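Here is the structure we will look at.
Given the structure is predicted, the values throughout are model-derived calculations rather than measurements. Letters A, B, ... are given to chains in the order of the sequence lines, protein chains preceding strands, and every chain is numbered from 1.
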Number of protein chains: 2
Amino acid sequence: MQKTSICPKYEFAAELLGKKWMGLLILVLLQGPLRFKDIKKEIPDMSDRLITERLKELEEKGIVERSVFPEKPVRVQYQLTNKGKNLEPVINAIQNWAEVWV
Amino acid sequence: MQKTSICPKYEFAAELLGKKWMGLLILVLLQGPLRFKDIKKEIPDMSDRLITERLKELEEKGIVERSVFPEKPVRVQYQLTNKGKNLEPVINAIQNWAEVWV
DNA sequence: AAAGTTACTTACTTTTCGAAAGTACATGAA
DNA sequence: TTCATGTACTTTCGAAAAGTAAGTAACTTT
């Protein structure tokens, strides 16, 4: 990310998407705001540890927003920011390719 | 890839792209056929070991074709198949997003 | 009071990666 | 002939990332 120089911005994005579970995680978040448990339900093979870790990463990069609702049992919700929602064409492109070639 | 079931084809693609260096590797291969040493030059931070490993993986999945030209010093060339070339929209989508949001 | 839910965290194992050196084959220079 | 250089890998080994399982804190339901 720091030295290779074809296109640093692309490299940032490729490194982000180039992490295990990121593609799936963003796909499910495109559905709308989800709670931790809902993400678990959608991606049962992804461990709690990695869900937490990836969400934190996406939050730090401004792609996901974490909201806490202090209801009776506290509710934590994750949703894509604009930056995140704009990844939809990427996800769609992957889906289209997969439809045709996988 | 076997159990999670949102969309197995998408998951296959996401897992492929979701590997370190894959995004960059495919990007540089979109330029046209390249030799091992050229890939090294384009992605200096990627180790020989991983270049070999990723290319082998892409070859097995029918995304890259490896050709050996028995010239004076043997020449080995890697190029995208149709399946691989059709990843261009995906790469472009990533690039567009990166341009705007990174 | 015991058991369950939610959103995590911690500890430990396994897998993957990175860095460096080594290999096989060939050409070219000293 | 010996040495250095180049290409395309392969091997080795320590470090980082991911997988697995169990634990925690706050609250709710039974």
Side-chain angles (χ1 to χ4, degrees), chain A residues 1-5 11-12 14-26 28-29 31-61 64-80, chain B residues 1-5 11-12 14-26 28-29 31-61 64-80:
Chain A
M1 257 274 297
Q2 51 282 44
K3 285 160 286 171
T4 39
S5 46
E11 282 170 43
F12 174 90
E15 203 165 289
L16 185 80
L17 275 297
K19 283 199 171 171
K20 209 163 177 190
W21 302 114
M22 276 298 194
L24 263 177
L25 185 53
I26 292 167
V28 308
L29 286 169
Q31 294 172 28
L34 290 178
R35 304 181 57 175
F36 194 89
K37 62 154 186 162
D38 299 323
I39 296 170
K40 282 178 69 165
K41 209 181 295 163
E42 296 280 355
I43 320 178
D45 288 352
M46 190 175 178
S47 68
D48 290 18
R49 199 175 65 75
L50 266 255
I51 295 176
T52 309
E53 205 172 300
R54 288 289 116 93
L55 285 171
K56 205 169 287 171
E57 218 176 320
L58 290 173
E59 206 192 334
E60 283 163 7
K61 303 210 157 105
V64 159
E65 197 193 332
R66 180 178 182 271
S67 325
V68 181
F69 300 93
E71 301 174 353
K72 21 255 190 127
V74 75
R75 188 160 61 91
V76 182
Q77 184 180 277
Y78 296 90
Q79 62 189 311
L80 294 174
Chain B
M1 259 272 297
Q2 51 282 47
K3 285 161 288 172
T4 40
S5 46
E11 282 170 42
F12 174 91
E15 203 165 288
L16 185 80
L17 275 296
K19 283 200 171 170
K20 209 163 177 190
W21 302 113
M22 275 300 194
L24 262 177
L25 185 54
I26 291 167
V28 308
L29 286 170
Q31 294 173 26
L34 290 177
R35 305 180 57 173
F36 193 89
K37 61 156 186 162
D38 298 323
I39 296 170
K40 281 178 70 164
K41 208 180 296 165
E42 296 279 355
I43 319 177
D45 288 352
M46 190 176 179
S47 68
D48 290 18
R49 197 175 64 76
L50 268 250
I51 296 176
T52 310
E53 206 172 300
R54 290 287 117 92
L55 285 171
K56 205 170 286 173
E57 218 176 320
L58 291 172
E59 205 192 334
E60 282 163 8
K61 304 212 157 103
V64 158
E65 197 192 333
R66 179 177 183 273
S67 324
V68 181
F69 300 93
E71 299 173 355
K72 19 247 189 134
V74 74
R75 188 159 62 89
V76 182
Q77 185 181 275
Y78 296 91
Q79 62 188 312
L80 294 174

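With contacts defined as side-chain heavy-atom distances shorter than 4.5 Å, the pair A:Trp21/A:Asp45 qualifies. With contacts defined as side-chain heavy-atom distances shorter than 4.5 Å, the pair B:Leu58/B:Met22 qualifies.
Distance A:Arg75 CZ to C:dC8 P: 13 Å, rounded to the nearest Å. The CZ atom of B:Phe36 sits 16 Å away from the C1' atom of C:dC25 (whole-angstrom rounding). Between the P atom of C:dT14 and the CZ atom of A:Arg49 lies a distance of 15 Å, rounded to the nearest Å.
Of the residues in residues 50-61 of chain A, those placing a heavy atom less than 4.0 Å from an atom of DNA chain D are A:Leu50, A:Glu53, A:Arg54, in numerical order.
Contacts of B:Val76 classified as side chain to side chain contact (heavy atoms under 4.5 Å, CB included), with partners at least two apart in sequence or in another chain: B:Arg66, B:Val68, B:Tyr78. By the side chain to side chain contact (heavy atoms under 4.5 Å, CB included) test, B:Gln79 is found to be paired with B:Pro33, B:Glu65, B:Ser67, B:Gln77, residues two or more places apart in sequence or in another chain being considered. For B:Asp38, there are no salt bridge (Lys or Arg N to Asp or Glu O under 4.0 Å) partners, not counting sequence neighbours. Scanning for salt bridge (Lys or Arg N to Asp or Glu O under 4.0 Å) contacts around B:Glu53 gives B:Arg49, with sequence neighbours left out.
Taking for each of B:Lys20 and B:Val74 the nucleotide of DNA chain C with the nearest heavy atom, the 5'-most of the two is the partner of B:Lys20.
With salt bridges taken as basic N to acidic carboxylate O contacts below 4.0 Å, one links B:Glu57 and B:Arg54.
Within 4.0 Å (heavy atoms only), A:Lys19 reaches no atom of the nucleic acid at all.
Taking a heavy-atom distance under 4.0 Å as the criterion, the stretch of DNA chain D touched by chain B extends 5' to 3' from D:dT7 to D:dT12.
Screening A:Lys19, A:Met46, A:Glu42 against A:Leu25 for a side-chain contact (heavy atoms from CB on, under 4.5 Å) leaves a single residue, A:Met46.
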